[in-house]
Amino acid sequence: MPDLFMDLLIRELNSISSEMKSAEGRLNGLEGVIDGLWININPSGSFRNAVAVDGGLQEVKLANGHLLSMARAIAVNNMGMEPIRVVKVALFPESSPGGILTMSTLEVKAALEAINRYGGLRYVLMDGSLFVKLLEALRVLLLGRSIGEVYAIPEAVEFLNITSSLLTEVSRRGVRLIFVSKDTNLRVYKEYAILRELAKSSVSQVSELASEGLNYYSVTWSRRLRLRFFNLMRRLSGTREASLMGLLLNQSVSDITLLASSTRRVGISHGMVKPMVLSGGLSPWLSELSDDELVRMVKRKLNDSLTLRGVEPSLDPSVLFNLPQVALTYVSASMDDSPMLVEVPIRGEGFLKRPRFRELNDTSVLTEVAGLMLGDYVDPVRYNGLLTLAHVYANFTVGQLGEYIAMLQDRLGLRFSRRLGLAVL
């Protein structure tokens, strides 16, 4: 059957493409700042004695409104050992983040099992962003208000507990833990560069607000800051400051958007941007709580979980206070490919201390990791051989979904929504 919408869709896609290119072009002198972030790095060998971990998730809506969550994770290696596989199936209310938290937990579980099973392990490569995973779990635990979020508190606690165990184990054994993401909408470097520029403004209200914004991971996450920037942008309409504030608030322009265009301007094939350190940016007031206030707040949230779900998770406060900050960079392996986000956990003041980003003083670890990433790079699809292999095994396909649904209907008699809703990760 012919597609009656193809011509209309192509027109819409062309419009979106033009809009994205136009957003990239509205930098108003910021090009030099962005371009100046790059550091040349040479490929330096490859990851030896390493494992790579990735997970997959499918969620299917049932006729009763629940989500059937099927999560799995795999750890593959280049040491000739059998891969490690873990799976979990659970039911969650619709729109609950429980499924994605379960998948993240399984990934950490696979990594821990690999560390305990394989001797001589040097590197653990994890797919995704540690910063984003920690933020999601903490957001559910500390700020979650909807039924779906409160229902997922046990999964958030389980992820925090097992991640704490993984961090302790890699530190004890001298294993390097590395998180890699090809698809990310983080806006760390974008906000940092814009706020630094706005802080130089001769308009005192702009410079003061920009300096305040530098204390937080993202001004777009704070309704108060977002509103203040928007009102100031409207009052200064037509100025360079207003244009930069518009770019700051435009959430469709991410680090990847700006850095990918920057590599073409600079002509850099092998390099990384100056590493930064991030701590949590959940809420401005949350960072101002004392340790005792935070502990009391967590206890209330755990009691909410007990009331709603009949489960009261166990979380030692030291787990929260000892969560690491995250050092990150973007690595460019080719001008024809988007940069890769690379993160490593670092011990410092703690993830829950006042949200901020700052430049990393000692860049040796990330420089070493960037060189190894470049050494293992093949092309945009095989950006890392081990991670690509893990993704192939862990990723659910639509064909597999059909098989699982048929099996579940046959063996369990589950009734699915007439309009089958699914998420494939």
Side-chain angles (χ1 to χ4, degrees), residues 46-57 70-88 99-138 155-184 319 322-328 340-347 351 365-366 368-369 372-373 376 383-396 425:
S46 59
F47 291 104
R48 302 296 181 193
N49 289 31
V51 300
V53 182
D54 197 2
L57 172 68
M70 297 173 282
R72 63 189 187 185
I74 191 167
V76 299
N77 64 87
N78 55 13
M79 303 159 63
M81 310 291 285
E82 284 289 323
I84 292 165
R85 302 166 297 147
V86 285
V87 174
K88 187 168 184 179
I100 193 71
L101 287 167
T102 298
M103 184 187 75
S104 297
T105 296
L106 291 182
E107 290 173 337
V108 177
K109 184 177 181 181
L112 262 176
E113 190 171 335
I115 291 172
N116 291 324
R117 186 186 301 181
Y118 305 150
L121 191 61
R122 295 181 59 194
Y123 302 101
V124 174
L125 302 172
M126 305 283 291
D127 182 75
S129 165
L130 173 62
F131 178 71
V132 171
K133 290 172 194 264
L134 287 175
L135 274 188
E136 176 63 11
L138 289 168
E155 282 71 30
V157 169
E158 184 180 11
F159 172 75
L160 293 173
N161 280 328
I162 197 169
T163 299
S164 177
S165 298
L166 175 63
L167 293 167
T168 298
E169 199 63 20
V170 294
S171 177
R172 187 175 73 85
R173 297 187 183 226
V175 176
R176 177 70 64 201
L177 183 62
I178 304 160
F179 289 78
V180 181
S181 179
K182 278 280 283 181
D183 304 304
T184 174
V319 170
N322 292 327
L323 288 174
Q325 294 183 334
V326 178
L328 78 158
M340 299 172 279
L341 173 66
V342 177
E343 300 173 339
V344 295
I346 59 169
R347 298 294 182 183
F351 192 82
V365 171
L366 279 173
E368 174 195 350
V369 171
L372 294 172
M373 290 296 302
D376 277 344
Y383 60 96
N384 179 272
L386 270 182
L387 279 170
T388 303
L389 181 62
H391 177 75
V392 169
Y393 284 135
N395 187 46
F396 280 98
L425 295 176

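Here the structure is a predicted model, which means the values were calculated and not measured.
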Task: Reported CG-to-CG distance for the pair Asn77 and Leu389, which is rounded to 0.5 angstrom - done: 9.5 Å
Task: 4.5 Å side-chain heavy-atom contact, Tyr118 and Asn49 - done: no
Open item on the list: The test is side-chain contact (heavy atoms from CB on, under 4.5 Å); show your working for Leu372 and Ser46 and say whether it passes.
Closed with: CA-CA 5 Å; Leu372 294 172; Ser46 59; 5.5 Å; no
Task: Test item: Thr163 side-chain N/O and Phe159 main-chain N/O as donor-acceptor pair under 3.5 Å - done: yes
Task: Heavy-atom side-chain proximity of Ile178 to Met126 below 4.5 angstrom - done: no
Open item on the list: Between Leu341 and Val180, is there a side-chain heavy-atom distance shorter than 4.5 Å?
Closed with: no
Open item on the list: With heavy-atom distances below 4.5 Å as the criterion, would you say the side chains of Ser181 and Thr184 are in contact?
Closed with: yes
- [ ] May I ask you to test the Leu160-Leu134 pair for a side-chain heavy-atom distance under 4.5 Å?
- [x] yes
Task: Distance flag, aromatic centroids of Phe131 and Phe351, threshold under 6.0 Å - done: yes
Task: Side chains of Ile115 and Val124 in contact at under 4.5 Å (non-hydrogen atoms) - done: yes
TODO: Could you tell me which residues satisfy side chain to side chain donor-acceptor pair (under 3.5 Å) with Asp54, sequence neighbours excluded, listed by chain and number?
DONE: His391
Open item on the list: Quick check for you: to the nearest 0.5 Å, what is the distance between Leu177 atom CG and Ser171 atom OG?
Closed with: 10.5 Å
Task: Where Ala390 and Ile74 come nearest, the two heavy atoms and their spacing - done: O-CG2, 3.6 Å
TODO: Return the minimal non-hydrogen interatomic distance between Ala110 and Ile84, and the atom names on each side.
DONE: O-CD1, 4.1 Å
- [ ] With side-chain contact (heavy atoms from CB on, under 4.5 Å) as the test, would you mind laying out the steps for Glu136 and Leu101 before giving the verdict?
- [x] CA-CA 8 Å; Glu136 176 63 11; Leu101 287 167; 4.1 Å; yes
TODO: Kindly state each residue pair satisfying salt bridge (Lys or Arg N to Asp or Glu O under 4.0 Å) with at least one member in residues 115-127, sequence neighbours excluded.
DONE: Glu113-Arg117
- [ ] Measure across Val326 and Leu130 and return the closest heavy-atom pair with its distance rounded to 0.1 Å.
- [x] CG2-CD2, 4.0 Å
Open item on the list: Working to the nearest 0.5 angstrom, can you tell me the gap between Ile346 CD1 and Leu328 CG?
Closed with: 10.0 Å
Open item on the list: Side chains of Asn384 and Leu125, heavy atoms from C-beta outward: is any pair under 4.5 Å?
Closed with: yes
Open item on the list: If I compare all heavy atoms of Ala52 with all of Leu387, which pair ends up nearest, and what's the gap?
Closed with: CB-N, 3.6 Å
- [ ] Check side chain to side chain donor-acceptor pair (under 3.5 Å) between Thr105 and all other residues, then give those that pass, not counting sequence neighbours.
- [x] none
Task: Pairing residues for Asn116 by the side chain to side chain donor-acceptor pair (under 3.5 Å) criterion, not counting sequence neighbours - done: Arg173
Open item on the list: Please find the pair of heavy atoms, one from Ala75 and one from Ala114, that lie closest to each other, and give the distance.
Closed with: CB-CB, 4.4 Å
- [ ] With rounding to the nearest 0.5 Å, note down the distance linking CG in Asn161 to CG in Leu166.
- [x] 12.5 Å
Task: Arg72 (side chain) donor-acceptor with Ala394 (main chain) under 3.5 angstrom - done: yes
Open item on the list: Can you confirm whether Leu323 sits close enough to Leu138 that some side-chain heavy atom of one is under 4.5 Å from a side-chain heavy atom of the other?
Closed with: yes
Task: Taking every non-hydrogen atom, the tightest pair across Leu106 and Ala71 - done: CD1-O, 3.4 Å
TODO: Would you sort out whether Val87 and Met70 count as a side-chain contact (heavy atoms from CB on, under 4.5 Å), showing the intermediate values?
DONE: CA-CA 8 Å; Val87 174; Met70 297 173 282; over 6 Å; no
- [ ] Could you name each residue pair satisfying salt bridge (Lys or Arg N to Asp or Glu O under 4.0 Å) that touches residues 101-112, not counting sequence neighbours?
- [x] Glu107-Lys133
Task: Residues that Phe47 engages under ring-ring contact (aromatic ring centres under 6.0 Å, His included), provided they are two or more places apart - done: Tyr123
Task: Working for side-chain contact (heavy atoms from CB on, under 4.5 Å), residues Leu112 and Ile162 - done: CA-CA 9 Å; Leu112 262 176; Ile162 197 169; 3.7 Å; yes
